[in-house]
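Before any comments, here is the structure.
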Amino acid sequence: MLCLSPLVILGLESYFSGASSVNEVAKVGDQTISRAEYQDGLNGRRNELLQGGVEASAINTQALNSEVLKGLINRALLRNQTDHLGMHVSDAAINNLLLQDPQYLDENGQFSNDRFAFALQQQGITKDQLFAQYRQQLNLMQLYASVAQTAVYPESQIHDLLALQLETRDVWVYRLPWEQFKDKVSVSDKEISDYYNENKSKLNSRAMVDLAYVSLDPSKLPVEKVTQAELQAQYDDYKARFVGNSKQKVSQILVTGSKAEATMQQIEQRLKKGESFAAIAKELSEDPVSAAKGGDIGTFNADAFGADGQKVAQALSGLEKGEVSAPVKTSFGYQLFKVTDKSGESVPSLDSMRDELTAQAQRQKREQLIADKITSINDMATDGVGIEDIAQQEGLTVHKIKNYTKLNNNTELNQPVVIEAAFDDFALQEESVSPGIKVNTGTVWVQPTNYRPIKPLTLAQASAQIKDTLVKQKAAQQAMAQAKRLSETVNNSGMSAAKVPFKALGTINRQNPQLSMDEKAIAFSKNTPAGKQVAVAEKTSSGATVLVMGPISKASIKDVPAAELSQAMFDMRSIRGQEHFSDYLEYLRGATKIEKNEAVIKEIGGI
């Protein structure tokens, strides 16, 4: 299969017809994309973006939904093909992979059935389900390899491409922004009218609303002063979680049986009267090993007490040398502990941590206050309370943005998630207040009014926009004309004759970041004899550019270290393989019946 073209060995999938289930997002050939798959895909991708540092307010929900659905459809297309081709991965092959998976190996590097069972339990799946997941993934990898490896990228072509990337030359640049020429052009009413008649179908208004909003900035919320009780609670919590390098040597008395609690009370009384802990341990403790040593069990280790470890650690917390704990009921019986020695770091005092704990308590109070306010405002928004009333009740200021647009939005609230909320169908119809939306500065609630949908512009409405367009076009033409005159002057008489301040970029290659994409396209377009320079004029998105270029200096592939050359060849073949596989997916997409359940997609995606 690795040697054959996939377009030859793979036939067209049969078209599927039939009604979609309410639990199906799409039907792709014989494969079904379920509601749960789509929801899990959306959640997973959103979490990836958030963990990658993307702000929630910057995530474009519509684009996210489209990306996830396309990925699921691609996967379903490939699953169709693996089934069609009868691809199969044996249980033995999967077993070999599992036996080498680090997550299932013990500290000796051996496969652990306990770790394997625990992992299955954590994921909530059975062994058969795990094998099915592995089998499907390996089948898809096998199909990818079979297609990607059919892409041919001869070594000679790779050498040629690398040779181009190694070329360098000296470059000088002079840019002519179109804005420099806008005062030198004029636009007549007839030109505006002609442009309107030629482009009438493309001249439309932008969808817009008038937007009112309130914002909640956590840093500006007044918070009550931290009380002594709250400070003490913070300190108690810190002590309970404190893990330092403090070590306690401990002795114990253990008593068991039905009368253990009464016996322990008697022991406490005897200790209060001044009797020796060690003597009582030798007399009454039922742990023969420690009793023989006066109760000594050495340095305290919570793990030695199993499930009771934290309970014992809590009893010993804060005890100094010579102090005795309260009785502790454990799975062994009733135990009493005495700290016989103490070394290392101990819990800091409250006074030494006062500033840190106060700041922490203040932060927690602020977070709780914010959470309460967000809940309160959300409840009012759900109940249909308007933005003005919400602001009055919560002591907030209403801000307003007139002509808030759906596209090309440059306002202070141009985050995709805010735009989606402002143009939500229900919100537009009811002119309701949105739920809280997280943005960089806190949380905002928006209320759209006076919705104006997209509609064709009249000549009068479009005139200003058309005039700006024509002015830019004419100014850019003048910039290009001037650039051509300058390049001719340089080619005929040299740079100094042009009498403009060219900027020296030094020796550059084809990927130099100082050049725009338009400029990169011409930077190596012409060579010149040694010692000579050549000037080229080019139209750019910002106007025009003149590039003056010295001779191209070529490098030999022989100068590239073998490891770098090998890596470059591998990368280029990988890229060609990925391009080939993308083409193959498009082939499958066109050859397979795909039915989308738009109602379910919209419901789950929230669009």
Side-chain angles (χ1 to χ4, degrees), residues 106-108 112-115 117-118 121-122 228-354 357 360:
D106 61 20
E107 55 276 4
N108 298 317
S112 167
N113 284 311
D114 289 339
R115 291 195 177 190
F118 178 74
Q121 183 181 8
Q122 289 291 98
Q228 184 60 37
E230 289 169 334
L231 187 62
Q232 185 63 49
Q234 290 286 335
Y235 182 64
D236 291 342
D237 181 63
Y238 175 82
K239 284 199 302 182
R241 293 180 290 102
F242 179 77
V243 178
N245 61 1
S246 174
K247 294 182 180 180
Q248 296 171 307
K249 290 193 67 176
V250 178
S251 292
Q252 72 161 350
I253 297 172
L254 169 66
V255 292
T256 63
S258 58
K259 298 182 179 179
E261 186 174 7
T263 302
M264 191 59 74
Q265 291 175 353
Q266 294 172 5
I267 291 172
E268 284 188 291
Q269 292 300 319
R270 291 174 62 180
L271 288 171
K272 287 179 181 178
K273 294 178 180 179
E275 290 193 42
S276 165
F277 188 97
I280 297 175
K282 288 181 179 180
E283 175 188 348
L284 298 177
S285 182
E286 296 179 42
D287 174 24
V289 175
S290 64
K293 299 184 289 183
D296 181 28
I297 57 173
T299 301
F300 172 70
N301 181 356
D303 293 338
F305 293 87
D308 299 310
Q310 290 305 311
K311 186 187 295 186
V312 176
Q314 185 66 30
L316 291 171
S317 176
L319 294 184
E320 299 299 330
K321 180 178 178 180
E323 294 181 338
V324 178
S325 73
V328 183
K329 185 178 181 181
T330 67
S331 55
F332 303 101
Y334 276 88
Q335 291 176 272
L336 198 65
F337 299 94
K338 179 179 180 179
V339 177
T340 58
D341 197 9
K342 191 172 183 179
S343 61
E345 182 185 359
S346 58
V347 182
S349 67
L350 187 152
D351 283 339
S352 68
M353 299 185 66
R354 185 174 295 276
L357 295 176
Q360 181 171 298

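If you're wondering where the values come from, they're calculated on a predicted model, not measured in any experiment.
In this structure, CZ in F337 is found 5.5 Å from CD1 in I297, a value given to the nearest 0.5 Å. Here CD of E323 is found 12.5 Å from NZ of K321. Values are rounded to the nearest 0.5 Å. To the nearest 0.5 Å, atom OG1 of residue T340 and atom CD of residue Q248 are 9.5 Å apart. Between the CG atom of L350 and the CG atom of L231 there is a distance of 5.0 Å, given to the nearest 0.5 Å. The distance from atom CG of D308 to atom CD of Q335, rounded to the nearest 0.5 Å, is 7.5 Å. Separation of atoms CD (Q360) and CG (L357) is listed at 6.5 Å; rounding is to 0.5 Å.
A donor-acceptor pair under 3.5 Å is absent between the side-chain atoms of D341 and the main chain of K249, judged by distance alone. Using a distance-only test at 3.5 Å, with no hydrogens or angles considered, no donor-acceptor pair links the side chain of S251 to the main chain of K338. For the pair K311 (side chain) and K329 (backbone), a donor-acceptor distance under 3.5 Å is present. Of the possible polar contacts, one joining the K342 side chain to the L319 backbone as a donor-acceptor pair under 3.5 Å is found. Side-chain atoms of E286 come within 3.5 Å of backbone N or O of T256 as a donor-acceptor pair.
With sequence neighbours left out, E283 forms a side-chain contact (heavy atoms from CB on, under 4.5 Å) with R270.
Looking only at side-chain heavy atoms (C-beta outward), V312 and F300 come within less than 4.5 Å of each other. When side chains are defined from C-beta on, F305 does not count as touching T330, because their heavy atoms never get closer than 4.5 Å. Put simply, the side chain of I280 does not reach to within 4.5 Å of the side chain of L336, judged on heavy atoms.
Heavy atoms only, all atoms of each residue included: F332 and L254 are closest at O-CD1, 3.7 Å. In plain terms, the two heavy atoms of A291 and A281 that are nearest each other are CB-O, 3.6 Å. Nearest heavy-atom pair, A292 versus K282, reported as atom, atom and distance to 0.1 Å: O-CE, 4.0 Å. For V328 against A315, the heavy-atom pair with the smallest separation is CG2-CB, 3.5 Å.
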